[in-house]
> 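Okay, handing you the structure first.
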Amino acid sequence: MLLRIRSRDGLERVQVGGPHVSISQLNALIESQLQIPIHNQTLSTDRNLLLVKTPADLLRFTDMSDPSRPLSSLNLSHGSVVFLYYQGERTVRGGAPVCPAGSFGRKMTMDDLIAKQTRITRQESPHCDSVSFDRDSANAFQRYVNETLAFAVKRGGFMYGTVSEEGRVEVDFIYEPPQQGMEDDLILLRDPEEEKLVDAIAAGLGRKRVGFIFTQTIMQDKKDYNFSNKEVLQAAELHAESGLKEWVTVVVKLEANEDGDADVHFEAFQMSDMCVKLFKEGWFVTEFGEDDDPKLSKMKKEVVVGGKDVKEVDNDFFLVVVKIIDHQGPLSSTFPIENRNNLATMRTLKNHLDRTKSLPFVKRIADFHLLLFLAMSHGLGSDVPALAECVSTETAVPEGYQLLIESMASTS
């Protein structure tokens, strides 16, 4: 029986006698075949083992801690994947042989030399301390993809907020651009003019673009990866475009809980510095075939991973885990969100203003999605950033603007 062992060095294989083999016997086989001492091994069927940050985190992975437990009790069979964490260095057997071609050895091209110097290792620490979500904004996003889309197609959005001196990213609203979502792909139909308005409103609110959020679908086979190769490529492109070292990428997905029901789950990452660098330099293969393994990113040239020259890299090597917390921000998220099926109208605006008429007018318009609607209606685009500043500073909205907005709403 063959087991696939996934570690920080990629995917390797271990030959075992059968499902009756115990975990302690598997440990011994890994030591003999992969040269990793038994005392240095932590095994689990949970892929998150590869993302641990401290030795204390290893204590959470106990499913393979009983040395006498047989593999069959874990439903492990021929071809199953077991995740392996270890610390320190190792010597990998079976490296590429050296083939001399004369007194000075094999002739190497410049690409060969560059590849020999390009080593991909895990980045231990992110550039941001944590990412905090405004509760209402996060709920509005997950509720739509869960209740309306039923996680059947992918959805994405740009996160806007602030970055503290300590590197903490606070997300206060999510802008969802025009897009086409499919079962395993997401195409952003980006509108430069609309995005220019979004950035101007955000600036008026004292916010900027700080990250990207997207969903995975229930049709994706997510058992062995956190990001697919397509998702790594898209995330790396947007991270590189941002120029922001604290840029965060968040994935939202359904995961089974202990009762067998499905819960909506948020996970936050940064793309590693090496990932962004390789993307900028054009190392990634950007065309995907039906037979490509989604948990591996293909490279145009060889890179060094775990002492081996490879052209396929486990996607987890490019991910740096970021802690998630939440907060209650100053903006509301009750106005219909842009570029969805439920298009906002002047009647929508009137209903919103009627529902909030007990509040000061500046509070009634303290919603990014409402401000964007105003910016795209009746040529108000250049005026809305000034309204956003009123919201940000909590100062009274000039009477002329208030009358104009109420007049627009009354035409419904």
Side-chain angles (χ1 to χ4, degrees), residues 1-97 119-124 221-227 229 272 274 293-299 302-321:
M1 185 175 91
L2 184 145
L3 288 182
R4 294 181 292 165
I5 307 298
R6 182 170 293 281
S7 72
R8 69 190 194 193
D9 301 323
L11 192 65
E12 298 174 276
R13 292 167 176 79
V14 167
Q15 195 71 38
V16 300
H20 63 278
V21 166
S22 68
I23 290 173
S24 64
Q25 291 173 311
L26 176 60
N27 290 138
L29 290 169
I30 290 174
E31 181 177 57
S32 64
Q33 296 181 36
L34 302 185
Q35 296 77 57
I36 300 174
I38 292 176
H39 71 269
N40 208 8
Q41 299 176 24
T42 300
L43 301 177
S44 178
T45 58
D46 186 345
R47 67 177 183 274
N48 290 312
L49 174 68
L50 300 184
L51 301 176
V52 299
K53 306 293 290 182
T54 66
D57 293 337
L58 294 174
L59 300 176
R60 295 188 291 111
F61 301 91
T62 59
D63 59 323
M64 298 185 71
S65 60
D66 181 356
S68 63
R69 187 173 184 180
L71 301 183
S72 58
S73 68
L74 294 161
N75 295 320
L76 295 174
S77 57
H78 180 74
S80 294
V81 176
V82 173
F83 297 91
L84 164 66
Y85 177 90
Y86 74 92
Q87 292 180 310
E89 301 297 327
R90 63 180 283 217
T91 301
V92 181
R93 291 181 183 172
R119 296 180 177 271
I120 297 180
T121 57
R122 292 189 182 279
Q123 181 176 320
E124 295 300 325
D221 180 7
K222 302 184 290 295
K223 293 179 181 177
D224 294 343
Y225 66 81
N226 289 289
F227 279 23
N229 45 18
S272 70
M274 177 58 74
D293 189 337
K295 57 181 172 288
L296 300 175
S297 290
K298 287 188 173 182
M299 314 305 292
E302 285 187 338
V303 294
V304 179
V305 179
K308 296 185 289 188
D309 296 340
V310 299
K311 276 195 169 183
E312 291 185 329
V313 180
D314 189 316
N315 299 334
D316 283 348
F317 273 93
F318 297 129
L319 303 179
V320 190
V321 178

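Because the structure is predicted, anything quoted here is derived from the model rather than measured. Scope of the values below: all heavy atoms of this structure, side chains included, with no hydrogens, waters or symmetry mates.
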> Determine the minimum heavy-atom distance between Asp66 and Ser68, stating which atoms define it.
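Closest approach of Asp66 to Ser68, heavy atoms only: OD1-OG, 2.9 Å.
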
> Under the side chain to side chain contact (heavy atoms under 4.5 Å, CB included) criterion, do Val21 and Met1 qualify, and how do the steps go?
CA-CA 10 Å; Val21 166; Met1 185 175 91; over 6 Å; no

> With a 3.5 Å distance limit and no angle check, can you tell me whether Thr62 reaches the backbone of Ser65 through a side-chain donor-acceptor pair?
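No: the side chain of Thr62 does not pair with the backbone of Ser65.
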
> Would you sort out whether Lys298 and Asn229 count as a side chain to side chain contact (heavy atoms under 4.5 Å, CB included), showing the intermediate values?
CA-CA 8 Å; Lys298 287 188 173 182; Asn229 45 18; over 6 Å; no

> First locate atom CG of Leu51, then atom OH of Tyr85, and finally report the distance between them rounded to the nearest 0.5 Å.
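Nearest 0.5 Å value for the CG-OH distance: 11.0 Å.
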
> If you take all heavy atoms of Pro294 and Asn315, which pair is closest and at what distance?
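Looks like O-ND2, 2.9 Å.
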
> Quiz question: by atom type and distance under 3.5 Å, do the side chains of Asn226 and Asp316 form a donor-acceptor pair?
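Per modelled atom types, Asn226 and Asp316 side chains form a pair under 3.5 Å.
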
> Using a 4.5 Å cut-off on heavy atoms from C-beta on, say whether the side chain of Arg69 contacts that of Leu74.
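When only atoms from C-beta onward are counted, Arg69 and Leu74 do touch, with a gap below 4.5 Å.
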
> Quick one, Leu71 with Leu3, criterion side chain to side chain contact (heavy atoms under 4.5 Å, CB included). Give me CA distance, side-chain angles, the key distance, then yes/no.
CA-CA 10 Å; Leu71 301 183; Leu3 288 182; 3.8 Å; yes

> Is any side-chain heavy atom of Phe61 closer than 4.5 Å to one of Asn48?
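A side-chain contact under 4.5 Å exists here.
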
> What I'd like to find out is whether the side chain of Asp57 reaches to under 4.5 Å of the side chain of Leu49, using heavy atoms alone.
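No; the side chains remain at least 4.5 Å from each other.
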
> Rounded to the nearest 0.5 Å, how far does CD1 of Ile5 lie from CD of Gln33?
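If I round to the nearest 0.5 Å, the distance is 9.0 Å.
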
> Rounded to the nearest 0.5 Å, what separation is found between the CZ atom of Phe318 and the CD1 atom of Ile120?
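Going from CZ on Phe318 over to CD1 on Ile120, the span is 4.0 Å.
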
> For residues Arg47 and Val81, determine if any side-chain heavy atom of one lies less than 4.5 Å from a side-chain heavy atom of the other.
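SC-SC contact between Arg47 and Val81 ruled out.
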
> Looking at residues at least two apart in the chain, or sitting in another chain, which of them share a salt bridge (charged side-chain N to carboxylate O under 4.0 Å, His left out) with Asp293?
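In terms of salt bridge (charged side-chain N to carboxylate O under 4.0 Å, His left out), with neighbours along the sequence ignored, Asp293 is linked to Lys295.
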
> Donor-acceptor pair, distance only, cut-off 3.5 Å: does the side chain of Glu12 make one with the backbone of Arg4?
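Looks like no, no N/O pair under 3.5 Å.
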
> Quick one, Glu31 and Gln41 - any side-chain contact, counting heavy atoms below 4.5 Å?
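Yes, their side chains come closer than 4.5 Å.
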
> Do Leu43 and Ile30 touch side chain to side chain, with heavy atoms closer than 4.5 Å?
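Yes - at least one pair of side-chain heavy atoms lies under 4.5 Å apart.
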
> Nearest 0.5 Å, please: how far is CE in Met64 from OG in Ser73?
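Ser73 OG to Met64 CE: 8.5 Å, rounded to 0.5 Å.
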
> Hey, what do you get for CD1 (Ile38) to CG (Asn40), rounding to the nearest 0.5 Å?
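Going from the CD1 atom of Ile38 to the CG atom of Asn40 covers 11.0 Å.
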
> Are any non-hydrogen side-chain atoms of Val14 and Val82 less than 4.5 angstrom apart?
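Contact flag for Val14/Val82 side chains = no.
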
> Pro55 and Gln87: which non-hydrogen atoms are nearest, and at how many Å?
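Minimum heavy-atom contact is CG-NE2, 4.1 Å.
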
> Going from CG on Leu319 to CG on Asp314, what distance comes out if it is rounded to the nearest 0.5 angstrom?
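Going from CG on Leu319 over to CG on Asp314, the span is 9.0 Å.
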
> With side chains defined as the heavy atoms from C-beta onward, is the minimum distance between Asp309 and Val303 less than 4.5 Å?
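Answer no - side chains too far apart.
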
